[in-house]
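Report on the structure given below.
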Amino acid sequence: MTSEYKVTLTRDKGTGQVVAELPTLEISDYSLDSREALGRLKRMVEFHLECLVAEGKPIPEEKKAGG
């Protein structure tokens, strides 16, 4: 099963770091550049989803636009 999630990238004005956020899973990570921030977020997503499966919890799905 493959899920697609919306990821947002923003730059923190105070630190200048890039924040990669995945609102559906309520997780985020940051780094000095977007590539590294996305890589860190990907590892967090994989770990988070593995934990949900191990605990028998449902995998959140991205909400469809307009619904």
Original post:
Taking only residues two or more places apart in sequence, or in another chain, which ones meet R11 in a side chain to side chain contact (heavy atoms under 4.5 Å, CB included)?
Top reply: V18

Original post:
Going only through I, L, V, M, F, W and Y residues with side-chain contacts under 4.5 Å, is there a path from V53 to M44?
Top reply: yes

**OP:** For E62, check side-chain hydrogen bond (donor to acceptor under 3.5 Å, both in side chains) against everything at least two apart and list the hits.
**Re:** T24

Subject >> Counterpart residues, salt bridge (charged side-chain N to carboxylate O under 4.0 Å, His left out), relative to E50 (two or more places apart) >> reply: none

Subject >> Residues which pass salt bridge (charged side-chain N to carboxylate O under 4.0 Å, His left out) with R40, listed by chain and number, not counting sequence neighbours >> reply: D29

**OP:** Mind jotting down which residue pairs meet the salt bridge (charged side-chain N to carboxylate O under 4.0 Å, His left out) criterion with at least one end in residues 17-28? Sequence neighbours excluded, please.
**Re:** none

**OP:** Give, for atom CZ of R35 and atom CG of L9, the distance between the pair rounded to the nearest 0.5 Å.
**Re:** 13.5 Å

Original post:
Are L32 and V7 grouped together when hydrophobic residues (ILVMFWY) are joined by side-chain heavy atoms under 4.5 angstrom apart?
Top reply: no

Original post:
Taking all atoms of both residues into account, what is the closest heavy-atom pair of S28 and L41, and its distance?
Top reply: CA-CD1, 3.9 Å

**OP:** State which residues pass side-chain hydrogen bond (donor to acceptor under 3.5 Å, both in side chains) with S31; sequence neighbours excluded, sorted by chain then number.
**Re:** E36

Original post:
Excluding sequence neighbours, so at least two apart, what forms salt bridge (charged side-chain N to carboxylate O under 4.0 Å, His left out) with K42?
Top reply: E46

**OP:** Calculate, to the nearest 0.5 Å, the distance between atoms CG and CD1 belonging to L49 and I59 respectively.
**Re:** 5.0 Å

Original post:
How is the hydrophobic cluster of F47 composed, in terms of its other members, when Ile, Leu, Val, Met, Phe, Trp and Tyr link through side-chain heavy atoms under 4.5 Å apart, directly or indirectly?
Top reply: none

Original post:
With a cutoff of under 4.5 Å between side-chain heavy atoms, which Ile, Leu, Val, Met, Phe, Trp and Tyr residues group with Y30?
Top reply: V19

Subject >> Under the side-chain hydrogen bond (donor to acceptor under 3.5 Å, both in side chains) test, residues paired with D12 that sit two or more places apart >> reply: T15

Subject >> For E55, all residues meeting side-chain hydrogen bond (donor to acceptor under 3.5 Å, both in side chains), sequence neighbours excluded >> reply: K57

